[in-house]
Number of protein chains: 2
Amino acid sequence: MNNATLKDLAALAGVSPATASRVLSGHPATSARARQAVEAAVRELDFVPNAQARALRSTRSDTIGLLVSDIRNPFFADLAHTIEQAALNLGYVTLLGNANENTQQHDRYINALISRQVDGIIVAPQGDSSDAIKSLTSRSIPTVFVDRIIPGVDVPSVTTDSDAGIRQAVSHLVGLGHDRIGYIAGPQTVSTGRDRLSSFTAALAANGLTVDPDLIFYGNFQAASGSAAVHALLSVPHPPTALFAADSLMAVGALAVVHRLGLQIGVDIAIVTFDDIEWFALLDPPLSVVSHSVEDMGRIAVELLVDVMNGGRPKSVCQTSELIIRGSSAHAILPRTAELRGSN
Amino acid sequence: MNNATLKDLAALAGVSPATASRVLSGHPATSARARQAVEAAVRELDFVPNAQARALRSTRSDTIGLLVSDIRNPFFADLAHTIEQAALNLGYVTLLGNANENTQQHDRYINALISRQVDGIIVAPQGDSSDAIKSLTSRSIPTVFVDRIIPGVDVPSVTTDSDAGIRQAVSHLVGLGHDRIGYIAGPQTVSTGRDRLSSFTAALAANGLTVDPDLIFYGNFQAASGSAAVHALLSVPHPPTALFAADSLMAVGALAVVHRLGLQIGVDIAIVTFDDIEWFALLDPPLSVVSHSVEDMGRIAVELLVDVMNGGRPKSVCQTSELIIRGSSAHAILPRTAELRGSN
DNA sequence: TATGGTTATGGAAACGATTCCATGGAATCG
DNA sequence: CGATTCCATGGAATCGTTTCCATAACCATA
């Protein structure tokens with residue numbers, strides 16, 4: 001780390017450190033002569049200012065923190081990507097942390113981000129553990145929730161309203177003749193898990209169906225629980241003819257099992273999932289999904305955070321969702337389904 | 001940011017800032033009384049030390065930088081995950097940057113990481129543009145290459161030797177009767193793109209086959225180029241009966257087109273790809289892959305970096321790769337293939 | 001009791017930038 | 001031509017830690 005310092009730079013340029021600093025930060029009160037001399041010295045020394053020292057003195061770090069639940073979930077990978085791009089365009093570097101669905105790690109990262117004096121933090125909060133989050137708000141560090149929220153914590157958020165998309169999906173399935181739809185739920189300790197389930201039950205009611213507890217399986221947003229769900233749901237007395245998964249990873253797990261059982265997706269059983277992952281359109285048949293724009297969500301999260309950092313108190317944003325129909329739910333229900341199911 | 005400072009903490013504990021600092025950093029020369037008083041004050045104030053000031057004074061930040069090529073590529077998402085976990089276990093926070101396959105952004109992130117005084121940096125270098133990288137080495141910032149390298153830049157690296165796995169794959173395909181294997185190559189400006197192609201041509205020779213330029217398509221490691229590759233490769237005079245993709249995203253693009261053409265994977269056409277992505281095992285049929293351990297790669301990258309940061313000059317590590325046979329290449333070549341192909 | 005060696009402590013100087021404040025020179029105006 | 005304004009500049013304080021150095025207190029030994 002044999003970095004040249006501002007003092008070295010100033011000495012080489014023949015000006016004071018104060019003047020050199022002004023040139024670097026674009027302060028208006030600088031002469032053309034000073035600017036040229038400093039810029040030449042910057043090139044000569046390959047000078048990169050020490051962000052620590054700058055942050056220490058100016059109490060801003062031009063850095064935001066981003067804490068996602070699981071970077072290996074394509075939804076969060078996409079989200080991280082869009083947030084990072086949007087932040088970069090505004091001159092912010094993003095420190096990305098991965099809670100890895102682990103509350104302890106979640107807290108550790110929040111403390112790490114606090115101690116690194118991030119100017120703000122965007123977080124997809126983990127469960128309902130608000131302890132570390134409280135530490136953020138009590139320090140009045142600008143915070144924004146993305147995708148998920150913690151009830152009772154007053155922080156601006158950008159989330160998805162699952163009602164519209166899930167209602168469309170249920171209506172669509174009912175229109176195809178499905179009156180028994182299996183639901184693979186997310187964890188009820190997470191706001192998105194709860195919201196999507198209540199959207200689903202509301203949509204059933206709106207279509208004149210009642211909720212059958214046998215047809216609801218509680219998973220944990222991970223692939224393995226999607227697999228378990230299919231086994232469980234297809235072995236009840238009157239098995240469902242369609243499945244709805246509350247997130248992409250559980251859908252993947254479900255798909256694997258459905259394949260293994262020899263059921264033909266879209267014919268023997270209809271499948272729809274929340275989260276539009278690029279790969280889903282490439283499957284055979286392509287998967288029908290309830291889509292919400294991850295690009296918009298990332299962009300808005302950054303906008304909200306910038307607003308908060310500027311002292312604003314922006315309203316939370318709730319995006320809409322919509323159904324995209326593809327091959328996995330393209331056909332009306334067939335008599336063959338019940339027959340096949342009997343053999344399993 | 002109404003953070004309590006070390007001075008406040010010391011005042012509350014009734015000691016000097018120096019003593020408080022010693023307690024916090026576990027310095028041996030502290031009395032039990034001082035320790036207790038300081039620890040009580042820490043709890044009372046919810047004190048989190050300012051990492052900027054600490055880094056400024058002690059010239060270490062307990063932070064490493066990680067720059068990946070594309071966070072949306074599942075391989076790099078997994079890699080980021082393992083590196084982050086390994087680093088966290090050693091007490092380092094990881095600043096994750098995403099070059100987004102963009103040289104300019106790559107350079108910008110490297111400068112951002114330099115100015116934040118990371119203790120070291122792990123990078124999957126972008127192409128052969130070594131300018132920003134030179135800036136790293138000239139400052140003697142500990143650096144490690146992961147997955148990819150830049151020829152001629154003397155930096156420890158952890159990479160995969162593609163020879164073994166690709167040779168197994170080619171032998172396997174030849175054993176099934178394939179003598180025309182289409183190769184979807186990565187960009188030849190990236191070391192992995194070059195290495196895998198030369199492994200492939202060597203494996204052909206080892207199996208008594210010659211290289212047909214018609215059967216090599218040059219892609220860019222992105223899905224769209226995999227799709228283009230299938231169109232191109234299947235329209236040559238003597239089309240291949242098997243395809244090998246040099247990375248997972250191109251394989252995904254290829255799969256989509258193959259499906260759309262109505263070809264049955266594993267029967268009409270065999271497909272093998274580099275990179276073992278979890279999702280590939282869930283496809284129907286599951287995909288044969290050349291696998292290399294992303295967990296080991298991440299772990300070793302961190303080990304190498306720690307070694308360099310401690311002043312060592314570790315040797316580069318080259319991992320082996322191996323073929324995993326699944327349904328997409330399970331059957332011997334069938335006469336039907338040529339017939340079907342003719343109709344397209 | 002004097003001496004030496006620990007040990008815990010506080011004072012103060014860094015680290016490398018930003019920024020307030022004072023200054024001197026040039027430019028403008030009456 | 002003198003007074004006022006404006007602009008570029010440098011000196012010095014500052015941000016919140018760590019760490020060197022000196023000191024004081026203490027115990028044990030001669």
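Given the structure is predicted, the values throughout are model-derived calculations rather than measurements. Chain A is the first sequence line, chain B the second, and so forth, proteins listed ahead of strands; every chain is numbered from 1.
- The shortest heavy-atom contact between Tyr109(B) and Val93(A) is CE2-CG1, 4.0 Å.
- Rounded to an integer number of Å, the gap from Leu9(B) CG to dG10(C) C1' is 16 Å.
- Reading DNA chain D from its 5' end, the first and the last nucleotide to sit under 4.0 Å from a heavy atom of chain A are dA8(D) to dG16(D).
- Closest-nucleotide positions on DNA chain D for Ala53(B) and Thr19(B) were compared, and the one nearer the 5' end corresponds to Ala53(B).
- Minimum interatomic distance between Asp107(B) and Ala132(B) (heavy atoms only, all atoms of both residues): OD1-CB, 3.2 Å.
- For the pair Thr159(B) and Ser191(B), the minimum side-chain heavy-atom distance is 4.5 Å or more.
- When rounded to the nearest whole Å, the span between CD of Gln52(A) and P of dG16(C) equals 11 Å.
- Among the protein residues, Arg35(B) comes within range of no part of the nucleic acid, since none of its heavy atoms lies under 4.0 Å from any strand.
- Between Asp8(A) and Ala4(A) the shortest heavy-atom distance is OD2-CA, 3.6 Å.
- The pair Lys134(B)-Asp46(A) fails the salt-bridge criterion, with no side-chain N (NZ, NE, NH1 or NH2) lying under 4.0 Å from an Asp/Glu carboxylate O.
- Scanning for side chain to side chain contact (heavy atoms under 4.5 Å, CB included) contacts around Ala51(A) gives Ser115(B), Arg116(B), with sequence neighbours left out.
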May I have the list of side-chain donor-acceptor pairs in residues 300-311 of chain B shorter than 3.5 Å, sequence neighbours left out?
residue, atom, partner, partner atom, Å
Glu303(B), OE2, Arg299(B), NH1, 3.0
Asn310(B), ND2, Val306(B), O, 3.4

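- Between His27(B) atom NE2 and dT9(C) atom P the separation is 11 Å, expressed in whole Å.
- Both Leu56(A) and Arg22(A) lie close to DNA chain C; mapped to their nearest nucleotides by heavy-atom distance, the more 5′-ward contact belongs to Leu56(A).
- Counting only Watson-Crick or G-U wobble pairs whose defining distances are both under 3.5 Å, the stems of 3 or more consecutive pairs in DNA chain C are C:1-30 with D:1-30.
- The minimum heavy-atom distance between Thr94(B) and Ala87(B), with the atom names listed, is OG1-CB, 3.5 Å.
- Among the heavy atoms of the strands lying under 4.0 Å from Ser21(B) is at least one base atom, whether or not backbone atoms are also near.
- Taking 4.5 Å as the limit, every side-chain heavy atom of Ile64(B) sits out of range of all side-chain heavy atoms of Leu66(B).
- Every salt bridge (charged side-chain N to carboxylate O under 4.0 Å, His left out) that Arg60(A) has, sequence neighbours left out, goes to Asp62(A).
- For the pair Asp128(A)/Pro151(A), a side-chain contact is recorded, criterion being any heavy-atom separation below 4.5 Å from C-beta on.
- Contacts of Ala34(A) with the nucleic acid, taken as non-hydrogen atoms under 4.0 Å apart, involve only primed sugar atoms and P, OP1 or OP2.
- Here the shortest heavy-atom pairing between Arg194(B) and Thr189(B) reads NH1-C, 3.5 Å.
- The shortest distance between the side-chain N/O atoms of Arg33(B) and the OP1/OP2 oxygens of dT9(C) is below 4.0 Å.
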Distances under 3.5 Å only, N/O to N/O: pair up the protein atoms with those of nucleotides 5-7 of chain C.
none

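- With rounding to whole Å, Arg54(B) atom CZ is found 18 Å from dG16(C) atom P.
- Closest to the Arg57(B) side chain, of the nucleotides dG10(C), dC15(C), dA17(C), is dC15(C).
- Applying the 4.0 Å criterion to OP1 and OP2 of dA8(C), one finds that Ser31(B) has every side-chain N and O outside that range.
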